[in-house]
Amino acid sequence: MPQNAQPTASHFINGHYVEDTAGAPIPVIYAATGEQIAQVHSATLAIVDQALQAAKAAQKAWAAMSGTERGRILRRAADIIRERNHELSVLETLDTGKPLQETLVADATSGADALEYFGGLAGSLTGEHIPLAGGDFVYTVREALGVCVGIGAWNYPTQIACWKGAPALACGNTMVFKPSETTPLCALKVAEILTEAGAPPGVFNVVQGLGDVGAALVTDPRVAKVSLTGSVPTGRKVYAAAAAEMKHVTMELGGKSPLIVFDDADVENAVSGAILGNFYSTGQVCSNGTRVFVQKGIKQAFLKRLAERLGTAVIGDPLDEATSFGPMVSEGQLNIVLNYIAKGVEEGARLAFGGKRLDRDGWYLQPTVFADVTDDMVIAREEIFGPVMAVLDFEDEEEVIARANATEFGLAAGVFTNDLTRAHRVIGQLEAGSCFINTYNLAPVEAPFGGVKASGVGRENSKLAINHYSEMRSVYVSMNDVEAPF
Ligand code: NAD
């Protein structure tokens, strides 16, 4: 029996579900079976206009509320999400194919963390007083930017909507969010829950669509800021379009991050880190450490334990809580990854584990490890965005730092070693925004998250996100006569 995940309507605008069947249909395919479980319609220009109009109309009154009041609404939304975690996690699994074992702890809950954290900060957002000579002073005023647009990738639909919506709303902005066309369902629930928690109509809106709808949002003059989670090529287009009208941006883009395992590392922990950094969410995580540099002395032990532990992955029905490894999100993404695997074999990398599509319905692929990978291979240079780990050998510290940095990306990096000074020395030289020592891919809301180089601009989460959703005006106050030259 196919699952049914049909939402009330395609869009959520001005506090209500809104349908407009004039837009092109977007089928929602359940990755575990290949069956259609819902259908939404792409936003027409009239729907885009309606959403932006609603966000614009709501913004001033929302910003005029006290931060404490806004924060209370966000924190109430966090509570509702936690109460409904099971139902929302099932929806996340249907939307993405990720195992329920993961979605129960990593998606709605992470969204709730963001709403709670930024809800807590909202009441303490202030400017400052700057004393000057002769009694003059400057005060600064922190203000919302206005209408913000959020555009999401398909790997974490609930989390991405909340990571963008929570800080935007805490600062007094309103938002129009466009989920990925591959996973359109979860953001609608975030809008519904924010409304139930007391967010006034128009404060958080969701419209569906592909890149053209995203582009229409980005170029609209009513929009002050765009926050994108997506690939580097899309990031370049969206950043350029935003720049034309001097809009603020946050760019959370792709990566090909290094994870460095030194000889003295704890093998079991290093293997755990490599598994987290390559196979969680079936490898569909932007910050994955997909270039695993392993020092020669530990290579055999590392590969042996890795293969043993990958052999215990439970691949199957994502709605079964025992399943620890689900399908790829879509047939298109599965084919992209299969092509990369074929390329790796052709380039002479050694297939050390997996590499095959599973003989069953849905978009299932084995967790895959290539050993003896060299820096020039395509599988070591391009983001694959699937469960494919490249293991590269190295001899010494200086060499591995240079090789780790030899990429246009700079999202994340990790080091496993029991030498404390080496850990900090190496991390200090890696060109990456989110770094890890003796663990990998943890992203608590309290810590900034985002990339350097081509992997991004700006930061999500932490107090830093506030600076990306607000701006400071300064007011000079003179307590003295005005001196003019003539
Ligand atoms: P994508 O770039 O294809 O699409 C991202 C979003 O942008 C989608 O909603 C898409 O409809 C929209 N879009 C496409 N063209 C557009 C345009 N011209 N104007 C406006 N919007 C447009 O990415 P994807 O395949 O959905 O997601 C995978 C990518 O996202 C990977 O590269 C991954 O690394 C990255 N990602 C980054 C982070 C992060 O936080 N850094 C998190 C998750 C995923």
Side-chain angles (χ1 to χ4, degrees), residues 24 26 40 42-43 48 95-96 98 106-107 110 114 149-164 176-184 186-187 206-220 223 226-244 247 249-257 277 280-290 328-330 332-337 382-386 407-412 432-434 441 443 445 447-461 465 468:
I26 301 175
V40 295
S42 179
V48 169
D95 217 3
T96 61
K98 292 186 293 182
D107 292 282
S110 157
V149 160
I151 301 178
W154 41 256
N155 55 347
Y156 283 84
T158 306
Q159 184 189 81
I160 293 172
C162 291
W163 280 21
K164 297 187 189 309
V176 177
F177 185 83
K178 189 201 83 63
S180 164
E181 57 273 27
T182 310
T183 52
C186 296
V206 174
V207 298
Q208 308 293 349
L210 283 67
D212 58 330
V213 173
L217 289 167
V218 172
T219 49
D220 193 282
V223 172
V226 180
S227 177
L228 168 78
T229 297
S231 62
V232 172
T234 303
R236 289 191 207 283
K237 281 190 229 161
V238 172
Y239 197 177
K247 292 177 183 180
V249 295
T250 297
M251 294 282 142
E252 289 291 351
L253 307 176
K256 188 78 191 176
S257 301
Y280 200 73
S281 301
T282 318
Q284 303 162 119
V285 181
C286 52
S287 48
N288 272 357
T290 46
M328 304 287 314
V329 74
S330 66
Q333 192 60 26
L334 171 72
N335 287 331
I336 290 171
V337 178
E382 296 182 9
E383 184 185 44
I384 297 175
F385 219 61
T407 167
E408 67 161 340
F409 299 112
L411 188 50
S434 298
N441 256 0
V445 68
F449 181 83
V452 302
K453 294 160 73 179
S455 290
V457 176
R459 293 291 176 269
E460 294 199 304
N461 289 342
H468 298 291

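Whatever order the structure lists them in is the order used to number ligands and atoms, beginning at 1. When reading the values below, keep in mind they use all heavy atoms of this one structure, side chains included, and skip hydrogens, waters and symmetry mates.
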Open item on the list: Test of understanding: given a 4.0 Å heavy-atom threshold, classify the contact between V238 and ligand 1 as side chain, backbone, both, or neither.
Closed with: side chain

Open item on the list: So that I know where these two stand, are F449 and W163 an aromatic pair - ring centroids less than 6.0 Å apart?
Closed with: yes

TODO: Report, in ascending order of atom number, the atoms of ligand 1 lying under 4.0 Å from any heavy atom of F449.
DONE: 40 (O)

Task: ligand 1 N/O within reach of K237 N/O, cut-off under 3.5 Å - done: no

Task: Nearest non-hydrogen partners of L411 and G255, listed with the distance - done: CB-CA, 4.3 Å

TODO: Identify the protein heavy atom lying closest to atom 24 (P) of ligand 1, giving its residue, its atom name and the separation to 0.1 Å.
DONE: W154 NE1, 3.4 Å

Task: Side-chain heavy-atom pair Q284, T96 within 4.5 angstrom cut-off - done: no

TODO: Dump the intermediate steps for side-chain contact (heavy atoms from CB on, under 4.5 Å) on N461 and R459, then the final yes or no.
DONE: CA-CA 7 Å; N461 289 342; R459 293 291 176 269; over 6 Å; no

- [ ] Pick, from E383, Q284, E252, the option with the minimum heavy-atom distance to atom 34 (O) of ligand 1.
- [x] E383

- [ ] Name the closest protein heavy atom to atom 17 (C) of ligand 1, giving the residue it belongs to and the distance to 0.1 Å.
- [x] G211 O, 3.6 Å

TODO: Enumerate the atoms of ligand 1 whose separation from the nearest heavy atom of L411 is less than 4.0 angstrom.
DONE: 41 (N)

- [ ] Decide whether the shortest distance between a heavy atom of V213 and an atom of ligand 1 is less than 4.0 Å.
- [x] no

TODO: Specify the protein heavy atom at minimum distance from atom 33 (C) of ligand 1: its residue, its atom name, and the distance to 0.1 Å.
DONE: F385 CE1, 3.2 Å

Open item on the list: I'd like the name of whichever of G152, S434, S180, G214 reaches closest to atom 6 (C) of ligand 1 through any heavy atom.
Closed with: G152

TODO: For A153, take its heavy atoms, then give the atoms of ligand 1 lying under 4.0 Å from any of them.
DONE: 26 (O), 27 (O), 30 (O), 44 (C)

- [ ] Could you pull out all residues at least two apart from P233 that satisfy side-chain contact (heavy atoms from CB on, under 4.5 Å)?
- [x] S231

Task: Atom indices of ligand 1, in the order listed, that fall short of 4.0 Å to a heavy atom of L253 - done: 34 (O), 37 (C), 38 (C), 39 (C), 41 (N)

Open item on the list: Using heavy-atom distances only, which candidate in G456, A412, C286 approaches atom 37 (C) of ligand 1 most closely?
Closed with: C286

Task: Side chain proximity check, V223 to V218, heavy atoms < 4.5 angstrom - done: no

Open item on the list: Quick one about T407 and K256 (side-chain donor to acceptor, distance below 3.5 Å, no hydrogens or angles considered), yes or no?
Closed with: no

Open item on the list: Whether the side chain of K98 engages the backbone of N155 through a donor-acceptor N/O pair (distance < 3.5 Å, no angle test) should be reported.
Closed with: yes

Open item on the list: Are the side chains of D220 and V48 in contact, using a 4.5 Å heavy-atom criterion?
Closed with: no

Task: Proximity winner for atom 30 (O) of ligand 1, if only heavy atoms of A443, G230, G254 are counted - done: G230

Task: Atoms of ligand 1, numbered as shown, that sit under 4.0 Å from any heavy atom of I151 - done: 6 (C), 7 (O), 9 (O), 12 (C), 20 (C), 21 (N)

- [ ] Quick one: list whatever passes salt bridge (Lys or Arg N to Asp or Glu O under 4.0 Å) with E383, sequence neighbours left out.
- [x] none

Task: ligand 1 to T234 polar contact by distance, N or O atoms, under 3.5 Å - done: yes

Open item on the list: Heavy atoms only: which of A215, G209, P157 lies closest to atom 19 (N) of ligand 1?
Closed with: A215

TODO: List the steps and the verdict of side-chain contact (heavy atoms from CB on, under 4.5 Å) for V457 and Y239.
DONE: CA-CA 9 Å; V457 176; Y239 197 177; 3.6 Å; yes

Task: Contact atoms of ligand 1, heavy-atom distance to S231 under 4.0 Å - done: 1 (P), 2 (O), 23 (O), 29 (C), 30 (O), 32 (O)

- [ ] For ligand 1, find out whether one of its N or O atoms is nearer than 3.5 Å to an N or O atom of S455.
- [x] no

Task: Residues V149, K247; criterion side-chain contact (heavy atoms from CB on, under 4.5 Å); working and verdict - done: CA-CA 11 Å; V149 160; K247 292 177 183 180; over 6 Å; no

Open item on the list: Any non-hydrogen side-chain atom of V207 less than 4.5 Å from a side-chain atom of V176?
Closed with: yes

Task: K256, R236, E181: member with heavy atom nearest to atom 10 (C) of ligand 1 - done: E181

- [ ] Number the atoms of ligand 1 from 1 as they appear, then name those within less than 4.0 Å of a heavy atom of N155, with their elements.
- [x] 43 (C), 44 (C)

Open item on the list: Any heavy atom of G451 closer to ligand 1 than 4.0 angstrom?
Closed with: no

